[in-house]
Number of protein chains: 2
Amino acid sequence: MTAEPTPTRREELLRIAARLFAEKGFRNTTVRDIADAAGILSGSLYHHFDSKESMVDEILSTFQEELFGQYDEILASDDDPRARLERAVLVSFDAIDRHHDEVAIFQNDAAYLLTFDRFAYLGERNRQSREVWMTLLRSGVDAGVLRDDLDLELTYRFIRDTVWVAVSWYRPGGRRTHTEIAQQYLSILLEGIERG
Amino acid sequence: MTAEPTPTRREELLRIAARLFAEKGFRNTTVRDIADAAGILSGSLYHHFDSKESMVDEILSTFQEELFGQYDEILASDDDPRARLERAVLVSFDAIDRHHDEVAIFQNDAAYLLTFDRFAYLGERNRQSREVWMTLLRSGVDAGVLRDDLDLELTYRFIRDTVWVAVSWYRPGGRRTHTEIAQQYLSILLEGIERG
DNA sequence: GTCTATAGTATGATAGAC
DNA sequence: GTCTATCATACTATAGAC
């Protein structure tokens, strides 16, 4: 991890794999697909990685570490509840922008990967994510900024779903920046679509 | 289609297949899985169906026909814009409740299936769905019921995403009915989560 | 309507040469 | 670091007996 013999090649292969996993799904991507895209033969991949699972493992765990570091920063900050909620939404859309493939893989294949012991940490991350959002929502309600008649569990799910599923249609470099999308979403979430 | 020799057995097999496709994904479900669950051998399935694709085809097309019939009813009604939007959301959550497997399959596997010519109608249904929601939103804005500063395209995507992705966590018979969930969601969508 | 048996193909992974 | 060659397994689908 810290002193890889040939970090560049390894990372390049991971990037290629991530792209394919995101596009076609983990199970639907063969090691031959990855090797083809990299311009080598499938057997050669095993010089770099133990297995296909090792690849997706490294892709996801690296990404999650960064993302949850950002959530932790928000929770540790002394911003007011509304600002913290906004930052959390912005950070998430930023992840969709900068780590599109990783988010897509997590969205599409986490349920399957979770059936293996080595990916149990993905379930732990899910719980951690729930804690982040629930904490933000609760402090918003406590501070009187958010409605107190909401089912917070449902509210959390709606926020989580809407934010992350955007990876299925958002494309970096498209008509709207991820920041514009995040702000439009926050406007709907906070104020609703009804007039008045 | 209209005068099947043994409609009951066929439908039973489709129900079993739908359950498995929804649980594990279309590609990740083998014909042996389906046959095992039905208590027969894999070869016997081909007495009833041409292929695995034929099965998912019949499952999805039947479901879509019903769902879009309901949307058409809403569009044809003379309810006011707000009521029509509410009905569309309720009908969608109702589909998640009554056709859980079908919605899950469509959510998870439509992108893959769309790569085959025979599933082109799924893309057509996607366009149709967009038309339904955009029509509802536009008439809401025109009637002065909805905010006129919204990016309707984004608003449509947020609504669609949040509604349908609920199939990933909603379980019939759970703590909240699908109607309660739909109403809570409508409340957030229309009024926002901010106090005031 | 289901079984036996199997064809033909694709997959993840390995061993050893270069 | 990549290639050649291949193993063992799993898959969809078919043919014909019962």
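Chain letters run A, B, ... following the sequence lines, proteins first and then strands; every chain starts at 1.
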Under 4.5 Å between any side-chain heavy atoms of B:Tyr185 and B:Phe93, yes or no? yes
Of the listed nucleotides (C:dT11, C:dT4, C:dT2), which one gets closest to any side-chain atom of B:Leu41? C:dT4
Qualifying residue, where the test is side-chain contact (heavy atoms from CB on, under 4.5 Å) with A:Val89 and the options are A:Leu186, A:Leu136, A:Ile181, A:Thr162: A:Leu186
Let me have a per-nucleotide readout for nucleotides 13-18 of chain D, 5' to 3', with B, S or -, counting only protein heavy atoms under 4.0 Å. BB----
Under a 4.0 Å N-O cut-off, is there an ion pair linking A:Arg15 with A:Glu12? no
When you check the phosphate oxygens OP1 and OP2 of C:dG1, does a side-chain N or O of B:Arg10 lie under 4.0 Å from one of them? no
Between B:Thr62 and B:Ile59, is there a donor-acceptor pair closer than 3.5 Å when you use the side chain of the first and the backbone of the second? no
Salt-bridge criterion met for B:Glu153 and A:Arg176 (N-O under 4.0 Å): no
Side-chain N or O of A:His47 versus OP1/OP2 of D:dT2: is the shortest distance under 4.0 Å? no
On the nucleotide C:dT2, are OP1 or OP2 found under 4.0 Å from the side-chain N or O atoms that B:His48 carries? yes
Contact class for B:Thr29 (heavy atom, under 4.0 Å): base, sugar-phosphate, or nothing? sugar-phosphate
Salt-bridged, A:Asp33 to A:Lys24, with N to O below 4.0 Å? yes
